[in-house]
Structure formats: structure tokens, C-alpha cells
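Note sheet for the following structure.
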Number of protein chains: 2
Amino acid sequence: MTADMEIPAPRRTRIQQEKRELILEAALEVFSTNGFRGSTIDQIAEAAGMSKPNLLYYFRRKEDIHETLMQRLLDTWLAPLRELDDIGDPLTELRSYIRRKLEMARDFPRESRLFANEILQGAPRIMPMLEGELKTLVDEKAAVIKGWMRAGKIAPTDPWHLIFSIWATTQHYADFDVQVRAVLGPDRGGDGRFEDAARFLEQLFIDGLKPKS
Amino acid sequence: MTADMEIPAPRRTRIQQEKRELILEAALEVFSTNGFRGSTIDQIAEAAGMSKPNLLYYFRRKEDIHETLMQRLLDTWLAPLRELDDIGDPLTELRSYIRRKLEMARDFPRESRLFANEILQGAPRIMPMLEGELKTLVDEKAAVIKGWMRAGKIAPTDPWHLIFSIWATTQHYADFDVQVRAVLGPDRGGDGRFEDAARFLEQLFIDGLKPKS
DNA sequence: CAAATTTTTGACCGATTGGACAAACGTTAG
DNA sequence: CTAACGTTTGTCCAATCGGTCAAAAATTTG
């Protein structure tokens, strides 16, 4: 595509695979909390329980780690949207999409923050993917949603901004978790906050704020 | 409070004030796009059109710039929420809050990204403010909103998560601007995207997605 | 066992970083 | 003019950074 693919190097040993996984796990932790430039190889090496030269034996450059991490992330990150399907009731379909995204924010907050960091800095490393793969997928799903609107199944509005609002509201609970917990306080900021959020978001997206009366 | 307040140094010259403003303006640009650790004093100095030692004559440490920037930010950042008032129609009041927040995302995207960067990294420098000033303000406004709900003016739901969702959806257009523009493409990603967003958000928050029928 | 190969490490390097400092420069007041 | 003060800069420094390298250690292979 835009550049030559990474050589599909034959990961020899299973041990080598495992060490690479170990490094990627440690790097996810470090990168997601400090950003790319804010993270050092030493930090990642220490988190992975090995020396810096040893880490560089498995990944030649710091960027290689980040790139590998980012490539994996994107697949799993877009999976929920890919599942959004034309079969079944539209409102139910959207409800489950919101729920899936919120579960991802709960279960994979580091991945969410890694992604947010990248976008915040102007997406220097994944811009082609945003304009290509991501845009294609969103356009496709926007068409599906537009179909639902034409069929009178959901209120007519802008499908793209609808998708943005789902991303924003759900990922907020991963990216801004510190703030959410600080504002909710010790009582309501516990594990229950995701269920509260799920309840609220469902109501917001389905019924809005206008009183029933 | 937690630490000794910054000494209210008597900013002597008006020229000195102006130079400090110049530096803060440049630092806002640099910090908001590279994060704190990703930014260098040299970058800020160059953006401000002066040499590094000269910059360090006005701010002794890199952290001082960031701290000053952050303190100013917080005041203006919470202003829209402070304006949320109990007088007037609740739905109208919420509508204007959303509009004001979206305008801030449009007009002050750098401030939004600076704040997002800080939160993403765990809010190491403003945690006390989140648990103190911010929580107090949000709790106060949540009480106002709860009053509206009890009066049947808006649908009963969780006021805290409502505020979160407004923050998330509006700031998304500043923090994830690159992604928004990439997905919308050249046609719809132009200046009109904020008006589209305003229209969509108003409908979402007032009526939700359920068809009128 | 021994040879070959893979893995790990200590030592090191050049570049960049935040910051210090004294000297030079400019401006203003007497 | 000149002394005092505020401003600017070139130079320097120690710490940290990403990354190299050769040699040691461990493991695999025959």
C-alpha cells in the first residue's frame, strides 16, 4: 500500500514469540501512560524484566515496538463497529454497539489511551489508516444507518456524527478515567461506574433528555 | 493548601509581562501538540522567537511554564459549566451549555488538547484540583440538574454521567479533530463540521434516536 | 561430550535534553 | 557621559536518551 509491508520474519523459537509478547505487554503499559516520546526503552525493559540491550535484541528500534503495538490495536479496536450489522432491530443493534464499545473502554483502557495519545499528537503514524481503512469502514456503516433512517426505524440525523458521539462517550470512560473517578468520588467512582454509564448512555441515545409527559 | 502558593512576584515591566505572554502562547502551541515530555524548551523558545537562555530568564524551569499554563486554563475551561444556571428553561439551559462547550472546542482546541494530555497521563499535576474544585462544581451543578428532573422538566437520569457525556462529545471535536476530519473527508470535513456537530448533538441530547412516529 | 547457535549483558557512544553562568548588550536615569 | 539596571546570548555541563558492539552465558544441535 503506502509503504512496503513489514517483512514477515519467521519468528523462530516459541520462546522468541513469548519474549516479544512480554515486551509488547510492557510497552503497552508504558506507552499508554507516558505517550511515545515520554516513554523510554529503559522503562519498557524494566517493566518487561529484562535489560535494555536484551530488549533491543527482539525489537531493533523503539519505533518498531510502537508500530507493532499500533497495528494490533487497530484490528481489535474496530471490531465492534465491524460487527454493526444490518440484520436485527436498528435500535437494538445500536444499543449493543454502544455496550460493546463501553466494555472495551472498561476492559482495555490502555489500548484506548494508546490510541488517544496517537490521535492527540496528530496521528503522525496512522494517518493513512484513518483516511483509508477507517474512513471506508465508517462510510460503509454510515450508509447502513442512513438506510435505517430512511426506513423510519430511527430518527433522521447525521450518521457520521452519531458514530463520533458513540466513540466519544464510551472512550471517555477509558481516556478520562482519572477525571471520572475524581469527580464521582470514592462512593460512586468504584466498579459500578461502568454500569451507571451503560444505563445512562442507553437512555441518552434512545430517548434523549426530553421528559416523557 | 497542598503546597506553598507561588510567590506573587511583582511583574515589573510591562515588557516583561508581554514576553511572558509570548512564551505562554508559544508553549501552548508546543505542549498541546507534543505533550509535556515530548516538548523541549528549545522548541518553545524558537516558537516564541527567542533563545533558550532568554526564555529561561522569564521562566526558570520548563515545569513553571506548564504550571502557569495549566492554572490559567482551568479557569476558562470551567467557565461554561459555571454559567449553567437554574434560571430559565432547563432544556434551553442545557442546550446552551452544549453549544458553549462546542464553541470552546472550536475556538480553543489547543487548550482542550493540553487538558486532555494532562488527564491522559493520569493528571499528575492537577489531581488535587480535580478532586477539589472540579468535583465541588460538578456536584453543585448535578444538584441543579437533579432539581430539574424532580420537577419533571427533563427526563430523570444520572446528572454526573450527563455532564460527562457533554464533555466527551464536545471535546471530541478538539481532541480527536484529526480523526474527525480524516473520516469526514475533504468535502464534509471543512469548517461546516462544527455546525453539523451542533445540530446533531442538540437532537441527540434532546430527543435521542427513537423515531417520532 | 563438543560445536554451533541463540540469548543476555556490561560497557560504551554520540545526540539531545534541561538548566547554569558569566559576559555582552541595551536602556534608562542622574 | 556614566553608572545602574534589565535583557540577551554563547558557552558550557551533567544527565538522559536511543542505540551499538563484542564478549560472556545459555541453549540447542550433532
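Here the structure is a predicted model, which means the values were calculated and not measured. Residue numbering restarts at 1 for every chain, and letters A, B, ... go by the order of the sequence lines.
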**Request:** Using modelled atom types only, decide if a donor and an acceptor are shared between the side chain of R20(A) and the backbone of Q17(A) within a distance under 3.5 Å.
**Result:** no

**Request:** Report the secondary structure of DNA chain C in dot-bracket form, marking unpaired bases with a dot and bases paired to a different strand with |, and treating Watson-Crick or G-U pairs with both distances under 3.5 Å as paired.
**Result:** ||||||||||||||||||||||||||||||

**Nucleotide dG18(D), atom P - distance to CG of N34(A) in whole Å** = 11 Å

**Asked** Below 4.0 angstrom from OP1 or OP2 of dT7(D), is there any side-chain N or O of Q16(B)?
**Response** yes

**Asked** Would you find a donor on one side and an acceptor on the other, under 3.5 Å apart, between the side chain of K146(B) and the backbone of P159(B)?
**Response** no

**Prompt:** Between D177(A) and R193(A), does at least one N-O distance fall below 4.0 Å, as a salt bridge requires?
**Reply:** yes

**Item:** Nucleotide dG18(C), atom C1' - distance to CD1 of I44(B) in whole Å
**Value:** 11 Å

**Complete:** Considering only heavy side-chain atoms of Y58(B), the closest of dT7(D), dT7(C), dG19(C) is dT7(D)

**Request:** Would you kindly give the NE2-to-P distance between H66(B) and dG19(C), to the nearest whole Å?
**Result:** 13 Å

**Request:** Can you establish whether the number of heavy atoms outside E46(A) located under 6.0 Å from its atom CD is more than 12?
**Result:** no

**Prompt:** According to the interplanar angle, ranging from 0 to 90°, do the rings of F115(B) and W77(B) count as parallel (below 30°), tilted (30 to 60°) or perpendicular (above 60°)?
**Reply:** tilted

**Asked** Is F108(A) atom CZ crowded by more than 12 heavy atoms from other residues, nucleotides or ligands, each under 6.0 Å away?
**Response** no

**Item:** Those residues of residues 24-33 of chain B lying under 4.0 Å from DNA chain C by at least one heavy atom
**Value:** none

**Prompt:** For F59(B), which contact category applies under a 4.0 Å heavy-atom criterion: base, sugar-phosphate, or nothing?
**Reply:** nothing

**Request:** Would you confirm whether the ring centroid of H161(A) sits within less than 6.0 angstrom of the ring centroid of Y173(B)?
**Result:** yes

**Asked** Rounded to the Å, how far apart are R20(B) CZ and dT7(D) P?
**Response** 12 Å

**Request:** Fit a plane to each ring of F164(B) and H172(A), take the angle between them on a 0 to 90° scale, and name the class: parallel (under 30°), tilted (30 to 60°) or perpendicular (over 60°).
**Result:** tilted

**Item:** Pi-cation contact, F31(A) with K62(A) (under 6.0 Å, within 45°)
**Value:** no

**Message:** Within a 6.0 Å radius of atom CG on D75(B), are there more than 12 heavy atoms belonging to other residues, nucleotides or ligands?
**Reply:** yes

**Between dC17(D) (P) and I41(A) (CD1): distance, integer Å** = 10 Å

**Asked** Do we see a donor-acceptor contact under 3.5 Å between the side chains of D139(A) and W160(A)?
**Response** yes

**Request:** Within residues 47-57 of chain B, find the residues that approach DNA chain C with a heavy atom at under 4.0 Å, and present them sorted by residue number.
**Result:** K52(B), P53(B), L56(B)

**Message:** Tell me the interatomic distance from R37(A), atom CZ, to dT16(D), atom P, rounded to whole angstroms.
**Reply:** 17 Å

**Request:** Nearest whole angstrom, please: distance from the P of dT16(D) to the CD of E46(A).
**Result:** 14 Å

**Request:** With DNA chain D as reference, determine whether R60(A) or K19(B) sits nearer its 5' end, using the nearest nucleotide of each.
**Result:** K19(B)

